[in-house]
Colleague: 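The structure is given below, and queries will be raised subsequently.
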Amino acid sequence: MSIRVRFAPSPTGLLHVGNIRIAILNYIFAKKNSGKFVLRIDDTDTERSTKESEELILEDLRWLGIQWDEFYKQSNHFAKYAAAMDHLKKIGRVYACYETKEELSLKRKIQASQGVPPVYDRASLQLTDEQKKELEAKGIKPYWRFKLNQDDVVEWNDLVHGKISIPLNSISDPILIKPDGAYVYTFASVVDDVNIGITHIIRGDDHITNTAAQIDMFKTLSENIPQFAHVPLLSSLDGQDVSKRTGSPLSIVNMRKDGIEPSAIWNVLATLGTSNNANYHDSVEDLIEKFSFEKMSLSSPKFNIEDVKLLTKKIIADKSFDEVKSHFADLPLFTEDFWNAIKGNIESLSDVRYWYDIFFKDIAVVKEDATFVQQMLQVLPSPFDFTQWIAELKNISGRKGRELFHPIRMVITGIEKGPELGKIATLIGYDRLKNRIEANLKAN
RNA sequence: GUCCCCUUCGUCUAGUGGUCUAGGACAUCGCCCUCUCACGGCGGCAACAGGGAUUCGAAUUCCCUAGGGGACGCCA
């Protein structure tokens, strides 16, 4: 049986590192096992789902090079859910309930104050047909719960956590259909996983309790129960669950905007919380090769955006001109020499334009020793030759080392640090150098 | 409140009773390279949450305490 995994985001907001890590893990697992990666948009919550959000999700995935083999939307599957529901009704595994939200939350409060587990008491299960009719006559619409097999203890061998066992009497009968007829994720997800033939469910370990109920549901709909891998949730540096900090720089859209490299994200997210080390040389194939759930630890790793930025810097410094030139087609002077000069000095590709301006546009004038600047102009060779220029400058000024180079750098670039001076000067070229030196003299 | 999970250098981790004066990676610091930065090379700093118990011997087993995270939705 070939392996099939799914990534099932709900289009209710931006994808963030936590989500995308799950996508990456699923993708890696699929590729590692020559399986299929299924993308499913979980949009059963029609109130909160938006088309824009869905499109952004697809864009993020494409940007990261995550290609899906199949694509589904839960909103297209209502007929399947209805059919599954009929089946559950037929075998008596669902029942209608009539409590309001307020009543349920009151029950939970009472249970909490009594120190009793907050499990639904199945009061509606005791209702007679007449009572139900009466309630419905009053205009109260039923919602439907799955009747868990309370005597059962669900056990599964989790790929990350190992053996997990949860007694079903410790959790509430899950709601499958809301009073307005809308299907709830817990149910829709199981029906889809069965229909799509998902073999491995890889998700955050906040779903562990869900899994117990869902396995009980799987048993009523299929002979095949998928395997589960519940990975520890990422936390941010201050210890919070990253998903609770959306809209922050942790969203993929923002990272893309900040010039983060996709492969930096891959490297960090595919290795974080595992005993593998992130290494900017590693390709996606390398990461797939190295990955294993056995290498994943059980505690929540902290995600630090700085790790991604650092890797981005190293990855960029490693890129060839051909790999980046298409990004800068609008810059006429973006040449291979220019790229090679600056690539070690940039944090992200957006910094290219910063250096471009320093090389080829106007710079700030920084006051330096006028005599020396005058000498710079005096021996400026035409055609320009850096080695010759420096040799002569050294000669007539008697300067060397930092004394010699620092003022040159300041006069011709206006800033303290940057790429190798010889490369800079050569690229700036005779005319611009002459102008800059003259402008500096004038300012003096 | 109930249930579940977790706790080794700043960070991610190796470690499954002696091979641990606890290993690696990233970060950091120093040196080398060098006109600056980065890269690279070499080296340094740096951790078993606390307390008991078991044992000849515990990071490793057990108990307690503390701390952290998660679940308990007509969200996904």
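Here is the naming used below: chain letters follow the sequence lines, and residue numbers restart at 1 for every chain. All values below come from the heavy atoms of this structure, side chains included, with hydrogens, waters and symmetry mates left out.
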Colleague: Mind checking the C1' distance from A47(B) to C26(B)? Whole angstroms is fine.
Modeller: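 Looking at atom C1' only, A47(B) and C26(B) are 16 Å apart.
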Colleague: Grab the CG-P distance between L15(A) and A76(B) for me, whole Å please.
Modeller: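 About 17 Å, once rounded to whole Å.
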Colleague: Would you check if there is a donor-acceptor pair between the side chains of D173(A) and Y95(A) at a distance under 3.5 Å?
Modeller: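 There is such a pair (donor and acceptor under 3.5 Å, judged by atom type) between the side chains of Y95(A) and D173(A).
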Colleague: Provide the Watson-Crick or G-U wobble partner of U2(B), both distances under 3.5 Å; none if there is no partner.
Modeller: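 Checking every strand shown, U2(B) finds its partner in A71(B), with both distances under 3.5 Å.
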Colleague: State, without any angle test, whether R40(A) and S189(A) hold a side-chain donor-acceptor pair at a distance under 3.5 Å.
Modeller: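 Yes, side-chain donor-acceptor contact under 3.5 Å.
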Colleague: Please tell me which of S113(A) and S172(A) maps to the more 5' nucleotide of RNA chain B, matching each residue to the nucleotide holding its nearest heavy atom.
Modeller: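 Mapping each residue to its closest nucleotide by heavy atoms, the 5'-most match is S113(A).
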Colleague: In terms of side-chain heavy atoms of P118(A), which of U2(B), A27(B), A76(B) is nearest?
Modeller: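 Per side-chain heavy atoms of P118(A), the pick is U2(B).
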Colleague: Given atom CH2 of W144(A) and atom C1' of G73(B), what is their separation to the nearest angstrom?
Modeller: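 Rounded to the whole Å, the gap is 21 Å.
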Colleague: Between Y120(A) and E99(A), do the side chains contain a donor N or O and an acceptor N or O under 3.5 Å apart?
Modeller: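 Yes - a donor-acceptor pair under 3.5 Å links their side chains.
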Colleague: Are A76(B) and H207(A) stacked, with the base six-membered ring and the side-chain ring centres under 5.5 Å apart and planes under 30°?
Modeller: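 Stacked: ring centres under 5.5 Å, planes under 30°.
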Colleague: Can you find a donor-acceptor N/O pair under 3.5 angstrom joining the side chain of D205(A) to the base of G70(B)?
Modeller: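 Looking at the base of G70(B), it does not pair with any donor or acceptor on the side chain of D205(A) (distance under 3.5 Å).
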Colleague: Kindly assign one of parallel, tilted or perpendicular to the pair Y183(A) and F78(A), based on the angle between their ring planes and the thresholds 30° and 60°.
Modeller: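 Parallel: the ring planes of Y183(A) and F78(A) meet at under 30°.
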Colleague: Return the nearest nucleotide to the side chain of S275(A); candidates are A14(B), C35(B), U2(B).
Modeller: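 Out of A14(B), C35(B), U2(B), the nucleotide with an atom closest to S275(A)'s side chain is A14(B).
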Colleague: Expressed as a whole number of Å, how far does the C1' atom of A14(B) sit from that of G73(B)?
Modeller: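 Looking at atom C1' only, A14(B) and G73(B) are 40 Å apart.
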Colleague: Determine which nucleotide pairs with U55(B), using a 3.5 Å limit on both distances of a Watson-Crick or G-U wobble pair.
Modeller: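 In the structure as shown, U55(B) has no Watson-Crick or wobble partner.
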Colleague: Among U13(B), C75(B), C35(B), find the nucleotide with the atom closest to the side chain of S297(A).
Modeller: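 Per side-chain heavy atoms of S297(A), the pick is U13(B).
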Colleague: Looking for any heavy atom pair under 4.0 Å, which part of the strands does F386(A) touch: base, sugar-phosphate only, or nothing?
Modeller: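 Nothing, no nucleic acid heavy atom in range.
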Colleague: Considering every strand and a 4.0 Å limit on heavy-atom distances, what is the contact class for D180(A): base, sugar-phosphate, or nothing?
Modeller: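 Answer is nothing: D180(A) stays at 4.0 Å or more from every strand.
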Colleague: Within the structure shown, what part of the strands sits under 4.0 Å from P419(A) by heavy-atom distance: base, sugar-phosphate, or nothing?
Modeller: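 It contacts base atoms.
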Colleague: Answer yes or no: does atom NZ of K132(A) have more than 12 heavy-atom neighbours from other residues, nucleotides or ligands under 6.0 Å?
Modeller: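 Correct, the count exceeds 12.
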Colleague: Using the C1' atom in both, what is the distance from A76(B) to U19(B), to the nearest Å?
Modeller: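 Straight-line distance between the two C1' atoms is 49 Å.
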Colleague: Which listed nucleotide (C12(B), C35(B), C74(B)) is nearest to the side chain of P301(A)?
Modeller: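 So the side chain of P301(A) is nearest to C12(B).
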Colleague: So L298(A), base contact, sugar-phosphate only, or nothing? Heavy-atom distance under 4.0 Å.
Modeller: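 Sugar-phosphate, no base atom in range.
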Colleague: Tabulate protein N/O versus nucleotide N/O from nucleotides 63-65 of chain B, keeping only pairs under 3.5 Å, one per line.
Modeller:
none

Colleague: Looking at every strand, decide which applies to E47(A) at a 4.0 Å heavy-atom threshold: base, sugar-phosphate, or nothing.
Modeller: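 Nothing: the residue E47(A), judged by heavy atoms under 4.0 Å, touches no strand.
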Colleague: What nucleotide, of G40(B), G70(B), C12(B), holds the atom closest to the side chain of L233(A)?
Modeller: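 Selected nucleotide (nearest to the side chain): G70(B).
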Colleague: Side chains of K423(A) and N340(A) only: does a donor on one sit below 3.5 Å from an acceptor on the other?
Modeller: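 There is no such pair between these side chains.
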Colleague: Work out how far the P atom of G10(B) is from that of U34(B), and round it to whole angstrom.
Modeller: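 Taking atom P in both G10(B) and U34(B), they lie 35 Å apart.
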Colleague: How is S170(A) classified with respect to the nucleic acid when contacts are heavy atoms under 4.0 Å: base, sugar-phosphate, or nothing?
Modeller: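 No contact at all - S170(A) keeps every heavy atom at 4.0 Å or more from the nucleic acid.
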Colleague: Taking atom P in both G23(B) and G44(B), compute the distance separating them and give it to the nearest angstrom.
Modeller: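 It comes out at 11 Å once rounded to the nearest Å.
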Colleague: Can you figure out which of G69(B), C74(B), U7(B) approaches the side chain of S300(A) most closely?
Modeller: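 Of all the options, the side chain of S300(A) is nearest to G69(B).
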Colleague: Which whole number of Å gives the distance between the P atom of C5(B) and that of U61(B)?
Modeller: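 Taking atom P in both C5(B) and U61(B), they lie 15 Å apart.
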Colleague: How would you label the contact of N345(A) with the nucleic acid (heavy atoms, under 4.0 Å): base, sugar-phosphate, or nothing?
Modeller: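 N345(A): base contact, heavy atoms under 4.0 Å.
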Colleague: Between C48(B) and U21(B), how many Å separate the two P atoms, rounded to a whole number?
Modeller: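 Approximately 14 Å lies between the P atom of C48(B) and that of U21(B).
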Colleague: Would you call D282(A) and K290(A) a salt bridge, taking side-chain N to carboxylate O under 4.0 Å as the test?
Modeller: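 A salt bridge links D282(A) with K290(A).
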Colleague: Ring of W339(A), cation from K319(A) - is the NZ or CZ under 6.0 Å from the centre and inside 45° of the axis?
Modeller: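 No, K319(A) and W339(A) do not form such a contact.
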Colleague: Could you tell me whether D258(A) and K309(A) make a salt bridge, using a distance below 4.0 angstrom between a side-chain N and a carboxylate O?
Modeller: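 Answer for the salt bridge query: no.
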Colleague: Among G70(B), A38(B), C74(B), which nucleotide sits nearest the side chain of I175(A)?
Modeller: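 In terms of side-chain proximity for I175(A), the closest of G70(B), A38(B), C74(B) is C74(B).
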Colleague: Taking the minimum atom-to-atom distance to the side chain of N277(A), which one of A25(B), G70(B), C74(B) wins?
Modeller: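 Among A25(B), G70(B), C74(B), the one nearest the side chain of N277(A) is A25(B).
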Colleague: Rounded to whole Å, how long is the line connecting atom CD of Q74(A) with atom P of C75(B)?
Modeller: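 Rounded to the whole Å, the gap is 14 Å.
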Colleague: Does G43(B) have a Watson-Crick or wobble mate here (both distances under 3.5 Å), and if so which one?
Modeller: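 C29(B) is the nucleotide pairing with G43(B).
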Colleague: Establish, with yes or no, whether the OP1 or OP2 oxygen of C26(B) is under 4.0 angstrom from a side-chain nitrogen or oxygen of K314(A).
Modeller: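 For C26(B), neither OP1 nor OP2 has a side-chain N or O of K314(A) closer than 4.0 Å.
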Colleague: What nucleic acid atoms does V184(A) come within less than 4.0 Å of, heavy atoms only: base, sugar-phosphate, or nothing?
Modeller: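 Sugar-phosphate contact only - V184(A) comes under 4.0 Å of backbone atoms but never of a base.
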Colleague: So what's A66(B) paired with, Watson-Crick or G-U wobble, going by both distances under 3.5 Å?
Modeller: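 In the structure as shown, A66(B) has U7(B) as its Watson-Crick or wobble partner.
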Colleague: Please state how far atom CG in L272(A) lies from atom P in A25(B), giving the value in whole angstrom units.
Modeller: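 Rounded to the whole Å, the gap is 18 Å.
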Colleague: Look up atom CZ in F291(A) and atom OH in Y27(A), then write down how far apart they are to the nearest 0.5 Å.
Modeller: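 Output value for this atom pair is 14.5 Å.
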Colleague: Are K51(A) and E54(A) close enough for a salt bridge, meaning some N to O gap below 4.0 Å?
Modeller: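 A salt bridge is present here (some side-chain N lies under 4.0 Å from a carboxylate O).
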Colleague: Tell me what Q111(A) touches on the nucleic acid: a base, only sugar-phosphate, or nothing, going by heavy atoms under 4.0 Å.
Modeller: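 Answer is nothing: Q111(A) stays at 4.0 Å or more from every strand.
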Colleague: Starting at CZ of R40(A) and ending at P of A76(B), how long is that distance when rounded to a whole Å?
Modeller: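 Answer to the nearest Å: 12 Å.
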Colleague: Using only side-chain N and O atoms of K302(A), determine if any of them is under 4.0 Å from OP1 or OP2 of A27(B).
Modeller: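 For A27(B), OP1/OP2 do not have a side-chain N/O of K302(A) under 4.0 Å.
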Colleague: Over all strands shown, is I177(A) touching base, sugar-phosphate only, or nothing at heavy-atom distances under 4.0 angstrom?
Modeller: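 No contact at all - I177(A) keeps every heavy atom at 4.0 Å or more from the nucleic acid.
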Colleague: Are OP1 or OP2 of A76(B) and a side-chain N or O of T44(A) less than 4.0 angstrom apart?
Modeller: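 Yes, such a contact exists.
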Colleague: Under 4.0 Å between a side-chain N/O of R409(A) and OP1 or OP2 of C37(B), yes or no?
Modeller: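 Negative; the distance criterion is not met.
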Colleague: Suppose we define a pair by two distances each less than 3.5 Å, Watson-Crick or G-U wobble; what does U34(B) pair with here?
Modeller: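 By the stated definition (distances under 3.5 Å), nothing pairs with U34(B).
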Colleague: Pick the C1' atom in G18(B) and in U55(B), then give their distance to the nearest Å.
Modeller: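 12 Å, rounded to whole Å.
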